[in-house]
Amino acid sequence: MPDTPADSARNQHGPAPQRPESNHDDALPPDWIDGEGPSKGLRQTTLLSKDARLAGRPKLCSDCGLCDSQLKPLMAKTCVFVRNRGDELEQRYLGRNRRDGDELRFGVFTQMLAARMRRPVDGAQWSGMVTTLAARLLEGGEVEAVITAATMPGTRFAPRPVLARTPEEVFATAGNKPCLSPNLALLDQVRESGVKRLAFVGTGCQVHMLRAAQQELGLERLDVIGIPCSDNVTYPDLTFFLDQVSRSPATIVHYEFMQDYSLHMRHEDGSEERLNFIDFPMDKLEGIFPSACLSCFDYANTLADITIGYMGAELGWQWVLVRNARGRELLDLIRPELEIGELGSGGDRARGMPRYLQMLPKPPGKPPKPIRRLIAWLQRNRGPRGLEFARAIIEMKLFRNLHYVRTHFARYEPRIVPDHVYRTLAPYADDYQAVFERPLDPTRRSRD
Ligand SMILES: Cc1cc2nc3c(=O)[nH]c(=O)nc-3n(C[C@H](O)[C@H](O)[C@H](O)COP(=O)(O)OP(=O)(O)OC[C@H]3O[C@@H](n4cnc5c(N)ncnc54)[C@H](O)[C@@H]3O)c2cc1C
Ligand code: SF4
Ligand code: SF4
């Protein structure tokens with residue numbers, strides 16, 4: 001969910017409800033290490049409340065699905081919330097680590113562009129580049145199956161991971177299901193069905209676990225199509241969120257946090273509703289975000305072969321980051337169907353960041369209406385735009401999540417906060433020190 005430096009008031013999240021179970025590192029319960037098989041079936045996907053669904057899991061768990069599969073014994077080696085292995089996985093799958101500059105925020109990339117499908121896909125979140133790419137891979141026989149997220153029957157937005165075998169099955173999964181989705185649980189089905197050439201569509205945490213387990217999967221080919229992701233929620237919390245922000249939550253068929261600093265919601269009858277980010281009732285939303293998503297440092301899905309989002313592009317376009325040679329081949333596959341646009345950048349994110357930092361430790365608040373109107377106007381007309389918008393959003397989430405980890409999971413910081421976070425935020429180190437009275441980058445962090 002995007003926000004901006006000027007919109008500091010909505011960026012506070014109190015502690016997410018904690019579950020009374022063991023810690024997530026040296027005190028892992030034995031069954032997490034020994035692995036006694038899947039803990040539940042896919043039919044339960046995100047329909048339970050978060051407490052019921054995640055009961056017995058480590059405190060930091062984004063429900064990626066790995067622990068629902070026979071690969072559960074690999075959790076301690078692969079889970080990004082046990083140890084972030086981004087640096088080593090970048091080396092292995094992208095050939096190098098990120099360089100200073102935009103790669104610190106966006107991850108390693110060899111090409112970055114704005115694009116969109118000339119003929120948008122029905123039901124797609126944006127123009128449908130993701131589903132088209134996955135479908136073309138199946139059509140050309142380059143992969144035998146695609147792990148993707150369909151909609152749980154009887155719900156509007158609850159995800160149901162599926163192993164799609166035909167282009168039609170892939171296109172049927174177009175559109176966001178903006179909830180935690182245990183996609184990796186399908187790795188059992190992949191193995192059982194003998195699939196050796198696989199494409200995977202998913203979020204950054206899922207991709208971290210997948211990459212960390214990749215060498216154990218026995219696949220001949222794995223294409224990874226990443227979507228950016230931030231502030232995901234469980235399905236019950238999503239419905240709660242929509243209840244708070246919409247005049248008619250039950251009729252919403254599509255929504256997105258747009259680059260114009262507002263939430264756009266489309267209803268069944270085609271009407272559109274908008275709510276400025278600054279008008280969100282943050283006091284009511286406190287606690288809906290899972291601890292894992294508040295401890296996540298990979299907004300841009302940096303271990304994918306190609307990441308396809310929107311937030312670095314102008315409204316109406318998709319934002320594409322090609323990360324390696326395979327990503328380039330994937331883009332080439334749909335290039336004839338694409339319109340290519342320009343990436344722009346405007347505004348100055350650094351101006352608002354000190355104020356954002358000052359607001360970070362304070363409880364969420366909502367300024368009076370005239371002030372909110374002014375802020376919304378300033379955001380839209382003077383705020384960061386294009387790539388600068390993406391930089392601003394990513395830096396704010398890094399700060400917010402670092403603060404969250406230091407407040408609630410301080411012991412885990414050396415394991416789960418990657419070095420690039422400190423490098424990215426270094427220009428604001430003095431502002432950080434002034435607000436938090438401690439260094440941004442602890443120079444003597446333990447790495448064991
Ligand atoms: C929770 C969430 C938050 C996001 N936040 C941002 C953001 O802040 N900035 C940004 O640039 N982009 C974000 N995205 C990605 C963006 O909204 C689009 O999904 C992406 O740009 C692809 O658009 P498309 O039209 O090409 O996708 P489509 O062709 O419509 O395909 C969408 C694909 O997304 C997959 N998918 C849907 N829901 C999930 C899920 N819950 N977990 C895993 N995979 C799923 C489906 O498998 C499907 O293949 C987010 C996506 C999600 C699910
Ligand atoms: S995030 Fe995935 S790998 Fe980590 S504990 Fe949860 S299900 Fe297991
Ligand atoms: S915000 Fe991070 S941890 Fe949460 S679902 Fe998205 S990628 Fe995973």
Side-chain angles (χ1 to χ4, degrees), residues 1-3 7 9-20 40 43-57 59-65 125 149-161 175-183 203 205 227 229-258 261-268 271-296 299 363-366 372 397 400-401 404 408:
M1 296 182 187
D3 43 17
D7 182 15
R10 67 172 288 274
N11 290 295
Q12 327 300 311
H13 304 301
Q18 299 295 302
R19 292 174 295 280
K40 61 170 178 47
R43 280 183 305 152
Q44 295 173 41
T45 304
T46 63
L47 286 175
L48 300 175
S49 81
K50 78 179 149 200
D51 289 337
R53 179 162 172 74
L54 302 181
R57 295 272 181 88
K59 283 179 184 164
L60 295 181
C61 170
S62 63
D63 210 5
C64 77
Q125 188 64 20
T151 307
M152 180 70 79
T155 76
R156 246 168 236 273
F157 292 116
R160 183 174 62 95
N176 281 1
K177 276 61 70 176
C179 314
L180 301 177
S181 178
N183 288 11
T203 57
C205 56
I227 52 175
C229 179
S230 173
D231 296 1
N232 213 342
V233 289
T234 60
Y235 183 62
D237 286 332
L238 174 73
T239 56
F240 175 81
F241 169 75
L242 294 178
D243 285 349
Q244 308 310 311
V245 296
S246 173
R247 57 173 159 74
S248 174
T251 59
I252 295 174
V253 288
H254 181 278
Y255 73 87
E256 187 63 273
F257 299 84
M258 294 290 190
Y261 300 86
S262 70
L263 174 66
H264 293 208
M265 295 164 273
R266 198 168 67 239
H267 292 274
E268 283 166 349
S271 65
E272 202 176 88
E273 187 183 1
R274 292 186 187 189
L275 184 70
N276 292 327
F277 296 157
I278 189 69
D279 292 324
F280 278 23
M282 288 313 292
D283 49 337
K284 294 191 187 143
L285 299 178
E286 196 176 349
I288 68 166
F289 301 105
S291 304
C293 297
L294 293 173
S295 308
C296 168
Y299 202 144
K366 198 166 162 184
R372 295 205 307 275
K397 299 292 174 167
R400 188 202 61 184
N401 290 9
Y404 182 83
H408 300 285

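Computed from heavy atoms alone, side chains included, the values below leave out hydrogens, waters and symmetry copies. Note that the structure is a prediction, hence the values are computed from the model and not measured.
Inter-residue side-chain proximity for Val245 and Glu273 is flagged as unmet; no heavy-atom pair is nearer than 4.5 Å. Using a 4.5 Å heavy-atom threshold, the side chains of Pro153 and Arg160 count as touching. Residues Gln244 and Ile288 have side chains not in contact (no heavy-atom distance under 4.5 Å, counting atoms from C-beta outward). At a threshold of 4.5 Å between non-hydrogen side-chain atoms, the residues Thr155 and Lys177 do not count as touching. Phe241 places a side-chain heavy atom less than 4.5 Å from the side chain of Leu263. With a 4.5 Å cut-off on side-chain heavy atoms, Arg156 and Thr151 do not count as touching. Under the 4.5 Å side-chain criterion, counting only non-hydrogen atoms from C-beta, Leu180 is in contact with Pro290. Side-chain contact between Tyr255 and Pro178 is present, with heavy atoms from C-beta onward closer than 4.5 Å.
A tilted orientation is assigned to the rings of His408 and Tyr404, their planes being inclined by 30° to 60°.
Scanning both residues, Asn176 and Phe157, for their nearest heavy atoms gives O-CD2, 3.8 Å. Across Cys205 and Ser62, no two heavy atoms sit closer than the pair SG-OG, 3.2 Å.
Atom CG in Leu238 sits 9.5 Å away from atom CG in Asp243 (nearest 0.5 Å). How far CD1 of Ile252 is from CG of Leu242: 4.5 Å, rounded to the nearest 0.5 Å. Atoms CD and NE2, from Glu272 and His254 in turn, are 9.5 Å apart once rounded to the nearest 0.5 Å. Summarising the geometry, atom NE2 belonging to His267 is positioned 4.0 Å from atom OG belonging to Ser246; distances are rounded to the nearest 0.5 Å. Expressed to the nearest 0.5 Å, how far CG of Leu294 lies from NZ of Lys397 amounts to 9.0 Å. Taking OG from Ser262 and CG from Leu275, the interatomic distance works out to 8.0 Å, rounded to the nearest 0.5 Å.
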Anything under 3.5 Å between a donor and an acceptor, one on a side chain of residues 276-285, the other on a protein residue two or more places apart or in another chain? List them.
| residue | atom | partner | partner atom | Å |
| --- | --- | --- | --- | --- |
| Asn276 | OD1 | Arg380 | NH2 | 2.3 |
| Asp279 | OD1 | Arg372 | NE | 2.5 |

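In terms of modelled atom types and a separation under 3.5 Å, the side chain of Asn401 and the main chain of Cys293 share a donor-acceptor contact.
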